[in-house]
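Chain letters run A, B, ... following the sequence lines, proteins first and then strands; every chain starts at 1.
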Amino acid sequence: MARAAVLGRLSWRVADVVDIVEETSTARSLILDVPDWPGHRPGQHVDLRLTAEDGYTAQRSYSISSAPDGGRVELTVQRVEDGEVSPYLVDVVEPGDRFEVRGPVGGYFVWDPDDPAPVLLVAGGSGVVPLMAMIRTRAARGSPAPFRLIYSSRTPGTGVYRQELRVRAESNPGLEVAFAFTRVPSTATDAGRRRVGTDRLRESGWPPDLGPTCFVCGPTGFVESISRLLVDAGHDPARVLTERFGPTGG
Amino acid sequence: MGIVSRGFGGRRSSRAVNLPPGQYLVEDFPVLSAGPTPLVNLGSWTFTVRSETGEAQEWNWAQFLALPHESITVDLHCVTKWSKLGTAWEGVSLDTLLSDVASSAEFVLVSAYGGYTTNLPLEDLLDGKAWVADRYDGEALSPEHGGPARLLVPHLYLWKSAKWVRDIQLLNNDEPGFWESVGYHNYGDPWREQRYWGD
């Protein structure tokens with residue numbers, strides 16, 4: 001298992017918002033400049049702290065979506081209805097704004113770019129964010145590890161990175177991308193348009209005997225379901241790495 | 001005070017609650033686990049306490065159920081920032097489970113079905129501070145929340161409360177567990193915001 005190179009104290013650093021990409025009507029990517037950023041590994045996250053004028057603070061954790069690139073760090077944030085922090089990040093923040101981050105955090109749900117083993121990525125909704133960091137790192141590093149992504153979202157319009165994923169699937173050798181939609185009109189005939197189950201994991205994933213590393217990220221129910229199906233299909237539980245996004249008013 | 005985030009007002013809780021620094025209140029019960037939820041068969045379930053000399057004491061499920069249970073209502077604090085207040089559990093105190101163990105150890109390494117581990121000072125398990133819990137909110141503990149039984153050490157961040165607990169090894173020397181090896185704080189006191197190494 002990968003061990004993190006998170007050493008010493010993680011101090012709060014000021015992050016400048018330098019650019020914003022509107023991903024969907026409820027999600028956006030914030031491109032940050034973080035001076036003295038120590039670098040990160042794909043799959044890690046940051047703690048983000050907002051401070052109000054009276055000193056009140058709120059902290060949340062957000063996955064990093066970018067490959068390591070100096071002090072440039074990209075977060076993709078999905079607005080949680082009735083949340084405290086995510087509506088601010090999605091609806092209010094503009095380039096030039098600043099807040100604090102500390103990290104990178106997490107040394108378990110991390111892909112090692114030096115590992116040539118096949119990789120299966122299974123994303124539910126905004127769970128694709130840390131997996132995107134892995135896909136981007138793979139490309140940036142020229143890794144030959146074969147990657148397959150199965151990305152489940154409610155509808156095509158609610159998925160993030162769709163254009164970039166299409167382009168990468170065409171241009172990044174060894175990367176295959178399969179979309180699944182859980183809420184589309186019943187008249188849809190596209191075979192891909194259904195909930196991810198055993199069949200889809202077999203068709204679009206890897207056979208267990210290839211020894212792939214599986215990264216599963218999404219809402220709790222999705223991760224519970226997919227990880228159980230993978231283990232039932234014969235994957236080594238120790239190679240099914242999970243990250244669950246609880247519905248927690250972020 | 002940190003830098004002010006333009007236009008951020010925040011949403012103070014209307015409830016007068018005292019949370020550890022950096023935490024926010026939730027009403028649901030999020031699930032955070034590293035890896036698939038192991039399905040543990042009650043017929044083969046055992047819980048073992050092993051001293052530093054190797055002396056072991058083991059309970060099967062029926063034996064565990066027969067131990068005196070306590071009802072506990074405690075607040076939970078997860079390192080991922082959420083806190084949940086007033087959660088109701090039933091379980092067996094570690095004072096009970098460790099009462100017949102002869103030991104001069106100062107540390108424990110807790111292991112779980114599925115391979116998870118976490119380490120604590122032994123004294124943090126004693127004197128009514130920790131339980132092996134098998135019921136939550138009046139019902140059998142569900143697998144995703146650590147059933148059939150999990151450790152419950154509510155005064156530390158929740159990753160110390162190992163789900164699917166299987167054994168407790170007493171140790172003379174501290175040995176970092178799963179998260180403690182990859183950047184998370186060795187002790188994890190939420191009131192001192194000990195989230196990561198160096199905090």
By a 4.5 Å heavy-atom criterion (distance strictly below it), what part of [X] contacts chain B: side chain, backbone, both, or neither?
{"X": "A/Phe99", "answer": "both"}
{"X": "A/Val223", "answer": "neither"}
{"X": "A/Val92", "answer": "both"}
{"X": "A/Glu243", "answer": "neither"}

Under 4.0 Å between a side-chain nitrogen and a carboxylate oxygen: does that hold for A/Asp91 and A/Arg79? yes
B/Glu58/B/Arg50 salt bridge by N-O under 4.0 Å criterion: no
Residues, nucleotides or ligands: over 12 heavy atoms within 6.0 Å of B/Glu70 CD: yes
Would you say CG of B/Asn41 has more than 12 non-hydrogen atoms from neighbouring residues, nucleotides or ligands within 6.0 angstrom? yes
Count the heavy-atom pairs under 4.5 Å between each of [options] and chain B, then report the option with the highest count.
{"options": "A/Asp47, A/Val93, A/Thr57", "result": "A/Asp47"}
{"options": "A/Ile226, A/Val14, A/Thr242", "result": "A/Thr242"}
{"options": "A/Gln59, A/Arg102, A/His45", "result": "A/Gln59"}
{"options": "A/Val231, A/Leu230, A/Leu50", "result": "A/Leu50"}

For the aromatic rings, using the six-membered ring if either is Trp, is the centroid distance between B/Trp179 and A/Tyr108 under 6.0 Å? yes
Would you say the ring centroid of B/Phe64 lies under 6.0 angstrom from that of B/Trp45? yes
Heavy-atom distances under 4.5 Å only: say whether B/Tyr184 touches chain A with side chain, backbone, both or neither. side chain
Contacts of type side chain to side chain donor-acceptor pair (under 3.5 Å), residue B/His185, not counting sequence neighbours: none
